[in-house]
Amino acid sequence: MTFLLGLWLAAAGMTLLALTQPKQRKLMLNLPWSQGRRRGCAVGGTVLLLSSAVQAVAVYGPGVGLVTFAAYACFAAWLVALLLTWRRRVLKKPPQRPVTR
C-alpha cells in the first residue's frame, strides 16, 4: 500500500509540474492561467515529489528508498507523457474524406 501512495504522490507532482508549461497546460486544460497559479503548481508539484521521496526513504531506508523514488518519478513521468500523447491524439480531428456522389 505504501508503494501506491508514493507512486500517487509522484504522479500528482509530475502532473502539476507539467501544468506549469504553457504547451502542456493548453493540451490538458486549454485555459489561460495567471503567473501566480502557475507558480503555485510548480511549488505544489515540487512539494509532492519531495514528499514522495521522503515517504520512500522513510519506508525503505536511504539506499533502496532513493532507488524506489527514482522508479516512482520515472513511472510518473511516463504516465504524464502517455496522458499528453493520448490527449493530443483524441483532440486531433480525423482527416475528412471527399464526398463522392
Side-chain angles (χ1 to χ4, degrees):
M1 187 67 171
T2 59
F3 186 82
L4 292 177
L5 175 66
L7 183 61
W8 183 86
L9 288 171
M14 286 289 185
T15 304
L16 283 177
L17 286 176
L19 283 173
T20 62
Q21 303 298 317
K23 183 177 179 182
Q24 307 337 334
R25 184 178 59 248
K26 184 178 178 187
L27 282 173
M28 283 190 201
L29 301 175
N30 203 13
L31 295 173
W33 278 17
S34 66
Q35 185 68 20
R37 186 176 288 183
R38 188 171 162 208
R39 186 171 292 129
C41 280
V43 170
T46 304
V47 167
L48 285 171
L49 279 176
L50 287 176
S51 65
S52 175
V54 168
Q55 184 266 344
V57 169
V59 171
Y60 299 112
V64 177
L66 290 176
V67 173
T68 304
F69 169 68
Y72 290 160
C74 289
F75 190 69
W78 179 78
L79 285 176
V80 171
L82 187 67
L83 171 76
L84 289 172
T85 304
W86 173 78
R87 177 85 172 153
R88 188 176 298 145
R89 185 171 292 165
V90 168
L91 291 179
K92 188 161 84 171
K93 294 181 181 178
Q96 298 292 328
R97 292 185 177 165
V99 178
T100 58
R101 294 183 194 229

| Audit row: Leu49, Leu17, side chain to side chain contact (heavy atoms under 4.5 Å, CB included) steps and yes/no | CA-CA 10 Å; Leu49 279 176; Leu17 286 176; 3.5 Å; yes
| Where do Thr68 and Phe3 land on the side chain to side chain contact (heavy atoms under 4.5 Å, CB included) test, with the steps shown first? | CA-CA 9 Å; Thr68 304; Phe3 186 82; 4.1 Å; yes
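Leu5 and Val57 are not part of a single hydrophobic cluster, where members link through side-chain heavy atoms under 4.5 Å apart. A continuous path of hydrophobic side-chain contacts links Met14 to Trp8 [ILVMFWY only; heavy atoms under 4.5 Å]. Residue Val59 is grouped with residue Leu7 when hydrophobic side chains (ILVMFWY) are merged at heavy-atom distances under 4.5 angstrom, including chains of intermediate members.
The two residues Tyr72 and Thr2 have their closest heavy-atom pair at OH-O, 3.8 Å. When every heavy atom of Val80 is checked against every heavy atom of Ala18, the shortest pair comes out as CG1-CB, 3.8 Å. The minimum heavy-atom distance between Gly6 and Ser52, with the atom names listed, is O-OG, 3.0 Å. The minimum heavy-atom distance linking Leu9 with Ser51 is given by the pair CD1-OG, 3.8 Å. Residue Ala73 comes nearest to Ala10 through the heavy atom pair N-CB, 4.4 Å, listed as atom of the first residue, atom of the second, then distance.
In this structure, CD in Gln24 is found 9.0 Å from CG in Leu19, a value given to the nearest 0.5 Å. Note: Leu82 CG to Phe75 CZ = 9.0 Å, rounded to the nearest 0.5 Å. Atom CD of Gln21 sits about 10.5 Å away from atom CG of Leu84, to the nearest 0.5 Å.
Other cluster members for Val43: Val47, joined by side-chain heavy-atom distances under 4.5 Å among Ile, Leu, Val, Met, Phe, Trp and Tyr.
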